[in-house]
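Worksheet: one structure, shown below.
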Amino acid sequence: SRQIKDYSNSLDDKLEDVVNKAIIFAQEEVVSKAPVDTYNYVSQMAIEKAKREKNIVSGRVFNNVVVTTKGGKTYSLGELLENGTKPHAIPNAFGKGYYYGYTDENGRFHKGTLDDDWHPGFKPIPHWQPAFDKTSIYLDKLLKEKL
């Protein structure tokens, strides 16, 4: 019984090590594919090292940078960058004054209101999903090698 418990603990330790390696790999992948350091987004990429709770070993890569609207609604910058945005109003964005419209990707001008700045939106910059996909393959390889 003791030998089985020692072996189980040894496997758990190896598994934590494998998950930590995968987390570091994932962070490097996300950072390498993320856009230039918009609002310190890349520099605030962080990891939570592997931890064991009951029969689960978990860890994560995360980023808590948010964009807050004038009304107080917050959006994850990572989610916005990953998925892109449509053209949208930004009331008095960053104190830059007022814009009265935006030009879409076809070169057409759309009139906005006098009270809103307009952001033309942007295309998605996938960096989380590709990192997840690549890390899944890497994790599988590590598990086969180490365990």
**Item:** Closest contact, heavy atoms only, Thr135 versus Ala131
**Value:** OG1-O, 2.7 Å

**Fill in**
So CG of Asn40 and CG of Leu77: to nearest 0.5 Å the spacing works out to 10.5 Å

**Message:** Would the distance check show the side chain of Asn63 and the main-chain N or O of Val42 forming a donor-acceptor pair, the cut-off being under 3.5 Å?
**Reply:** no

List the atom pairs, with distances to 0.1 Å, where a side-chain N or O of residues 139-147 and a protein N or O form a donor-acceptor pair under 3.5 Å, not counting sequence neighbours.
residue, atom, partner, partner atom, Å
Asp140, OD2, Lys144, NZ, 3.2

**Main-chain N/O of Pro126 paired with Glu82 side-chain donor or acceptor, under 3.5 Å** = no

**Asked** Which atom names give the shortest non-hydrogen contact between Leu80 and Phe122, and what distance separates them?
**Response** O-CE1, 3.4 Å

**Item:** Beyond-backbone contact of Tyr75 with Val66, side-chain heavy atoms, under 4.5 angstrom
**Value:** no

**Item:** Verdict with supporting geometry, His127 and Phe132, ring pair (Phe, Tyr, Trp, His ring centres under 6.0 Å)
**Value:** CA-CA 9 Å; His127 53 291; Phe132 176 82; over 10 Å; no

**Message:** If you count heavy atoms of other groups shown closer than 6.0 angstrom to CD of Gln129, is the number above 12?
**Reply:** yes

Result block: side-chain N/O donor-acceptor pairs under 3.5 angstrom for residues 15-24, not counting sequence neighbours:
residue, atom, partner, partner atom, Å
Glu16, OE2, Arg52, NE, 2.8
Glu16, OE2, Arg52, NH2, 2.9
Asn20, OD1, Ala50, N, 2.7
Asn20, ND2, Glu16, O, 3.3

Would you be so kind as to tabulate the donor-acceptor pairs closer than 3.5 Å made by side chains of residues 25-35, with sequence neighbours excluded?
residue, atom, partner, partner atom, Å
Gln27, NE2, Met45, O, 3.4
Glu29, OE1, Lys33, NZ, 2.9
Ser32, OG, Glu28, O, 3.4
Ser32, OG, Glu29, O, 2.9

**Asked** So Ile47 and Phe62, side chain to side chain contact (heavy atoms under 4.5 Å, CB included) or not? Walk me through it.
**Response** CA-CA 6 Å; Ile47 62 172; Phe62 65 97; 5.8 Å; no

